[in-house]
Amino acid sequence: MTLARLAAVTVLALFGAVQAHAATATVGFGIQGEFPPTSFSDPVFTENSRHVDTTSLLADLWGSADLRDGTVRAKMSTTPVTVYQSSPIAITSVSITDDLHVIGPGTAPVPMTMTLDVDALLPINPALGANGYESLIFRATMSALGAPGKEMRVIRSKSLDENGAVTQDDIICQWDCGLLNEPLTLAGVVNGKLMVQGMVVPNTSFTFWATVELQTFIYPVGLKAEIDASHTARVSYSLPTGYTLGSQSGVFLTAPVPEPSTTALALAGGALLVGLLRRRRLVTGAAAPRTRCD
């Protein structure tokens, strides 16, 4: 297990080096200690990639990063087909990075808050048997405004002894857990926020970086591990009235994202309009004279 964790730390360190670029959306995958075999970078705004490995590890890894709406999402499914000593680890990583600046009427520093909403599912394989072990790690990080970076790492693990008795079954959060749904339960649901607050001088550039990383490890061979963080991992910001955010890419958070209440209202309004039009057709049809054509 020590070898597995060491390999995972090494992969994550190398991901960090890959992601340190301005105005990029990046997706990276690491399998079986490869560092990493696949990495993508788009200097404009978006990346949506999938990688399937069927050699040392059957893995279906998916990642999506988009500067336009500030989303970083990932999902993986793995089935190790090698022995424990080979450290069957899979990692998916997605990130967005951009140089930002505040646009506004004044020159004095103004307060700003940046938020990363995160949501993930860490389900333990129910078929885990004697001498079995599974570890699932969800990690979200965010850095902005020159403030200390925020990091949320949620670990879910379960192990059984040679008799099949549970020796460990827990889910814990490390680092920044103040805005996470707690107490965490064995349902494996991660739902929370990372927030960075600070003062920013208009037209002064600062670098923003957000990332989501998934890591799986499971033993014995033939079992399936899954992590799903494809639901929500979205960036948002707040500034005083009259101030907006600009970016080096020119596309950061430019895509309209409807609020849930707005979407629901639009759907309700559409349903009402359809109902009224249908009723009008029925009434009009009943009153209209019939014309016979021979």
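Keep in mind the model is a prediction, meaning the values are calculated, not measured.
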* What about Met76 and Val189, same hydrophobic cluster or not, with Ile/Leu/Val/Met/Phe/Trp/Tyr joined at side-chain heavy-atom distances under 4.5 Å? -> no
* Heavy atoms only: give me the nearest Ile218-Ala225 pair and the separation to one decimal. => CG2-CB, 4.1 Å
* Could you state whether Leu184 and Ile227 fall into the same hydrophobic cluster, counting links through intermediate Ile, Leu, Val, Met, Phe, Trp or Tyr residues with side-chain heavy atoms under 4.5 angstrom apart? => yes
* Asked: With no hydrogens and no angle check, do the side chains of Ser159 and Thr167 hold a donor and an acceptor under 3.5 Å apart?
  -> yes
* Structure fact -> In terms of heavy-atom contacts, Ala144 and Val196 come closest through O-CG1, 3.5 Å
* List the atom of Leu136, the atom of Leu122, and the distance in Å for their closest heavy-atom pair. => O-CD2, 3.6 Å
* To do: Would you indicate whether the side-chain heavy atoms of Asn131 and Pro220 approach each other to under 4.5 Å?
  => no
* Atom NZ of Lys75 with >12 non-hydrogen neighbours under 6.0 angstrom -> no
* Structure fact -> Checking Val94, Asp66, Thr232 against Thr71 for side chain to side chain contact (heavy atoms under 4.5 Å, CB included), the one that qualifies is Asp66
* Full working for side-chain contact (heavy atoms from CB on, under 4.5 Å) between Glu151 and Asp176 -> CA-CA 6 Å; Glu151 176 177 336; Asp176 193 281; 5.8 Å; no
* Among the clusters formed by ILVMFWY side chains lying less than 4.5 Å apart, do Leu145 and Ile96 turn up in the same one? -> yes
* Test side-chain contact (heavy atoms from CB on, under 4.5 Å) applied to Trp209 and Thr141, step by step -> CA-CA 8 Å; Trp209 174 50; Thr141 57; 4.0 Å; yes
* Those residues that, when tested against Ala233, pass side chain to side chain contact (heavy atoms under 4.5 Å, CB included) (two or more places apart) -> Val72, Val212
* Roughly how far, to the nearest 0.5 Å, is the CD1 atom of Ile137 from the OG atom of Ser157? -> 8.5 Å
* To do: Decide whether Met142 and Leu180 are clustered together by the hydrophobic rule: side chain heavy atoms of Ile, Leu, Val, Met, Phe, Trp, Tyr closer than 4.5 Å, transitively.
  => yes
* Examine distances only and state if a side-chain atom of Glu134 and a backbone atom of Leu128 form a donor-acceptor pair shorter than 3.5 Å. => no
* **All side chain to side chain contact (heavy atoms under 4.5 Å, CB included) counterparts of Ser238, not counting sequence neighbours** => Thr113
* **Test applied, side chain to side chain contact (heavy atoms under 4.5 Å, CB included); reference residue, Phe138; option that passes from Asp228, Val190, Leu121** => Val190
* Pair Thr207-Thr97, side-chain contact (heavy atoms from CB on, under 4.5 Å): steps then yes or no -> CA-CA 7 Å; Thr207 298; Thr97 306; 4.1 Å; yes
* To do: Would you give the length of the straight line joining atom OG1 of Thr204 to atom CE of Met199, rounded to the nearest 0.5 angstrom?
  => 12.5 Å
* Pairs where residues 222-254 contributes a residue and the test ring pair (Phe, Tyr, Trp, His ring centres under 6.0 Å) is met, not counting sequence neighbours -> Phe208-Phe252
* Asked: Does one hydrophobic cluster hold both Leu186 and Val154, with members joined at side-chain heavy-atom distances below 4.5 Å?
  -> yes
* Asked: Between Pro123 and Arg156, which heavy-atom pair has the shortest distance, and what is it?
  -> CA-NH1, 3.6 Å
* Asked: Distance from Arg73 atom CZ to Thr92 atom OG1, nearest 0.5 Å?
  -> 15.5 Å
* Output the distance between atom CD (Gln248) and atom CG (Leu100), rounded to the nearest 0.5 Å. => 9.5 Å
* Structure fact -> In this structure, NZ of Lys150 is separated from CE of Met152 (nearest 0.5 Å) by 10.0 Å
* **Asn203, Thr244, Val200 screened by side chain to side chain contact (heavy atoms under 4.5 Å, CB included) with Val102, the one that passes** => Val200
* Any donor and acceptor pair, going by atom type alone, linking the side chain of Asp99 with main-chain N or O of Ser205 inside 3.5 Å? -> no
* What is the minimum heavy-atom distance between Pro111 and Pro240, and which atoms define it? -> O-CD, 3.3 Å
* Enter the distance from Asp98:CG to Leu67:CG here, rounded to the nearest 0.5 Å. => 5.5 Å
* Asked: What are the two closest heavy atoms between Ala120 and Ala229, and how far apart are they?
  -> CB-CB, 3.8 Å
